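Single-structure report; data block below.
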Amino acid sequence: MLIAIGAAAAFQASAVIDLDYYSRLQGLKGAALKTAVHEIVTENVRMLDYGSGQNNTWYGFYVTDRCPDGSVRDRYSNDVRYFGSRGSSVSGMNIEHSFPKSWWGGSENNAYKDLYNLMPCEVKINSTKSNYPMGVVNRTTPSGDNGCTRVGSGSDGQNYWEPADKWKGDFARGYMYMATAYQDFTWTNSQGQVILQTGSYPTLKSKASELFIAWARQDKVDQIETVRNDDVETFQRNRNPFVDFPNLMEYIWGDSIGQSFNVKTTVKSADFIGGSSIGDGPVSGSIEELYASSFIGEDGGCQEQIDLQPANRTRVWTLDPQYGWKASAVSGNADNIVRDASDATLLTPAVNLAGYVEPTIKFDHACKFAADPSAVLSVIVRAEGEPDYVIPAQKIVWPKGTSWTFTNDVKVSLPDFAGKKIRIGFRYTSTTEEACTWEVRNFSLTARKSLSSIDDLINDNLANEADDSNAPAEYYSLDGRRVDPATTRGLVILRRGSRTSKVILR
C-alpha cells in the first residue's frame, strides 16, 4: 500500500548546489558518468598553497574545520586543540593527506593541495597510520587505537587505518571524490595499489568500493559535511558531488550502474538535511535570484552612506565603468598622494526574503594597497529593525590586498536572515596612513522558496502530476539509496519523471 504525504519539490537543491554545474551528468551511466564527474571537479579549480600563512592550507582550515568554540575539528582523534590567528598552524597537529601523496609519487600537484583530501590531524596518529589505505582493522598495533582512529592489520594481513563510525561516511565520500577527481593518475605505491588500480574506471578496486559504499550508507551525509562542502567550494571553486548526491556512488560502483543518472530529480542531501524531512520545519523549493547587478555600467540601485567624510573627497564609493563599484579615500597625484580617514558603506537596495530560506550572496572583489584587507573592509547585513550584522571575516574569501586581480565567486550563506527584509553593505574604512582601493562587481542574492506546509507540497505536486503520470516509478530511501517497493516499508522518496514525492509504503 502506498500513501502520498507530500512532494519534495522538483529540481530541489541544497543551499548552494547549482544544477547547471552538474548538467553534464544528465543521462550518463557507469564509466561515462564517472569521467563526467572527473571533468567537472577538475575544471577551473584553484588550490590554496600547502602549509601555513595567508591563503595557504591552514588559512583554509580556519574556515572549513573550525568549530563554533574555536576548536579544531579533528576527525582522527578526540583531542581538543584551538586555532590561533588565521593561517597559523596548530601545535601538535599536521596537515594530513587522506590519500597519501606517496601513492602517486609525491608530486606537489592539485591532489597534494586539495582540501577535500586534507584534514587537520593529531601528530601521533598521523605518524602511526603512515601511508596505509583505509579499511577494516581486525587487530590493532600497540599504538594503533587512540579511541577514534584504529591502525593495524586486516583479515588479509594488510595494514589499514579505520576511522571512527561517525566519520566513516565522510571519509568514504572523500575517497570516492579522490578516486574520481584524480582518476588519470598512475598509482605507483604498493599501499595505494591495495585499493586502487590505474585507469579511469573503476579506479577503486571492487573490495574498496563495496566497503566504502557500505560505510557511506551507514554514516549518512550530515550538516557538518554539507557545510564543509560549501566552505571548500569558496576556496577551490569545485564541490564533492558524492556529498551533494548521496546516491551518485550507486550509479558509478553500486547497485544502479546500468541506470541513467538524472541530475534534476535524483535524491540530494538537501532532501533530508536542513528542514526537508517531514515534521522538521519548512520544506524548500527551487533557488531563485532575488537581486543581481554586474555593477558594470549600472549602479544596481545602490546608495552610499558616509559616516566619516574624507577631507578631500565628496564621495568614497564611485562607479567605475570597467571594474564596478570602487572605494578609495586617496586624492592628489603621484607626486602628492593624500590619504584621508573615512568610513563609508555601499548599500544594495532592500530585498524582501519573506517566504524564502537559505539566502546566499555572491560577488567578485579586488583590493590593492592593503596589508590585511579584512582589517579595514567588511561586509554587513542590515535587517529591518535590527542592528547591523558584520559577516565574520573568516566566512569571506579576501583578496591578498596587493594586486588588482579579482577574487571571483565569493559566496556567503546567510541562513539567519530567512524571512527578513535586508540590505547588504560593503563597508570601507581608511586612515591617514592607510587607504586601500576596493572594487566590487557581479553581485547577486539568491534564496530558496519556502513551501511551508504539507498542503503546499501536495498542491505543488498535483499541479504538475499530469506531466509525469506515465513515467516509470523509482523508489529511494531517505539517504538516497534505490530500494525495491515490494520489500520496503516506511517513508521513502518516489520519483516519477521530473517529480519527487515522499510516500509511505505499507
Side-chain angles (χ1 to χ4, degrees), residues 8-29 32-48 60 63-64 110 114-117 173-174 176-184 221 225-252 260-271 273-274 276 284-290 292 294 357-364 397 406-414 442-449 480 498 500:
F11 303 92
Q12 184 170 11
S14 75
V16 293
I17 296 176
D18 178 0
L19 294 186
D20 288 338
Y21 175 72
Y22 289 118
S23 61
R24 276 178 284 174
L25 306 185
Q26 185 67 23
L28 299 181
K29 307 174 184 179
L33 177 60
K34 183 171 180 287
T35 294
V37 174
H38 162 79
E39 292 171 350
I40 288 170
V41 301
T42 56
E43 284 181 355
N44 302 315
V45 298
R46 59 180 181 193
M47 301 295 176
L48 296 177
V63 174
T64 61
N110 279 354
D114 196 325
L115 286 177
Y116 292 116
N117 187 40
R173 284 176 283 270
M176 293 174 193
Y177 165 89
M178 290 296 293
T180 304
Y182 304 103
Q183 65 181 29
D184 53 341
V221 176
E225 211 171 347
T226 59
V227 169
R228 191 178 200 273
N229 204 19
D230 294 344
D231 288 340
V232 172
E233 184 194 16
T234 65
F235 294 111
Q236 297 187 177
R237 299 179 182 170
N238 71 342
R239 299 181 64 80
N240 183 345
F242 298 97
V243 174
D244 289 334
F245 304 115
N247 63 344
L248 176 61
M249 60 186 183
E250 306 285 1
Y251 289 81
I252 294 176
S260 297
F261 189 72
N262 190 320
V263 175
K264 297 176 181 178
T265 60
T266 195
V267 176
K268 304 165 185 66
S269 55
D271 291 333
I273 293 176
S276 63
S284 303
S286 58
I287 293 176
E288 297 182 16
E289 188 173 73
L290 303 182
S294 68
V357 296
E358 300 172 358
T360 300
I361 60 171
K362 188 171 74 169
F363 57 92
D364 306 338
V397 181
F406 272 84
T407 299
N408 296 321
D409 297 326
V410 177
K411 194 177 293 186
V412 183
S413 180
L414 302 170
N442 296 333
F443 177 85
S444 67
L445 191 159
T446 60
R448 286 208 287 156
K449 187 70 176 176
S498 64
T500 51

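Since the model is a prediction, treat every value here as computed from it, not as a measurement. All residue numbers in this chain count up from 1 along the given sequence.
- Qualifying side chain to side chain donor-acceptor pair (under 3.5 Å) partners for E225, counting only residues two or more places apart in sequence or in other chains: R173.
- Partners of D114 by salt bridge (Lys or Arg N to Asp or Glu O under 4.0 Å), not counting sequence neighbours: none found.
- Put simply, the side chain of I40 reaches to within 4.5 Å of the side chain of L25, judged on heavy atoms.
- For R228, the salt bridge (Lys or Arg N to Asp or Glu O under 4.0 Å) test picks out D65, with sequence neighbours left out.
- Judged as a side chain to side chain donor-acceptor pair (under 3.5 Å), and not counting sequence neighbours, E39 has no contacts.
- Not counting sequence neighbours, the partners of N442 by the side chain to side chain donor-acceptor pair (under 3.5 Å) test are D364.
- Here CG of N44 is found 7.5 Å from CZ of R237. Values are rounded to the nearest 0.5 Å.
- Considering only residues two or more places apart in sequence or on other chains, Y182 meets the ring-ring contact (aromatic ring centres under 6.0 Å, His included) condition with F185.
- With sequence neighbours excluded, the residues that form a side chain to side chain contact (heavy atoms under 4.5 Å, CB included) with L48 are N55, L115, F235.
- Residues V410 and F443 fail the side-chain proximity criterion, which asks for heavy atoms closer than 4.5 Å.
- In this structure, the side chain to side chain donor-acceptor pair (under 3.5 Å) partners of T35, at least two apart in sequence or on a different chain, are Q183.
- Atom CE of M47 is separated from atom CG of N110 by 4.0 Å, given to the nearest 0.5 angstrom.
- Between N408 atom CG and R46 atom CZ the span is 7.0 Å, to the nearest 0.5 Å.
- Applying side chain to side chain contact (heavy atoms under 4.5 Å, CB included) to Y251 and the options L33, V37, L28 leaves one that passes, L33.
- Looking only at side-chain heavy atoms (C-beta outward), K362 and D409 come within less than 4.5 Å of each other.
- Every ring-ring contact (aromatic ring centres under 6.0 Å, His included) that Y116 has, sequence neighbours left out, goes to Y177.
- Under the rule for a salt bridge (Lys or Arg N to Asp or Glu O under 4.0 Å), E289 has no partner lying at least two apart in sequence or in another chain.
- Panel note: side chain K268, backbone V263; a donor-acceptor pair is recorded below 3.5 Å.
- In this structure, the side chains of Q26 and N262 come closer than 4.5 Å at one or more pairs of heavy atoms.
- The NE2 atom of H38 sits 9.0 Å away from the CD atom of E43 when rounded to the nearest 0.5 Å.
- Qualifying ring-ring contact (aromatic ring centres under 6.0 Å, His included) partners for F242, counting only residues two or more places apart in sequence or in other chains: W253.
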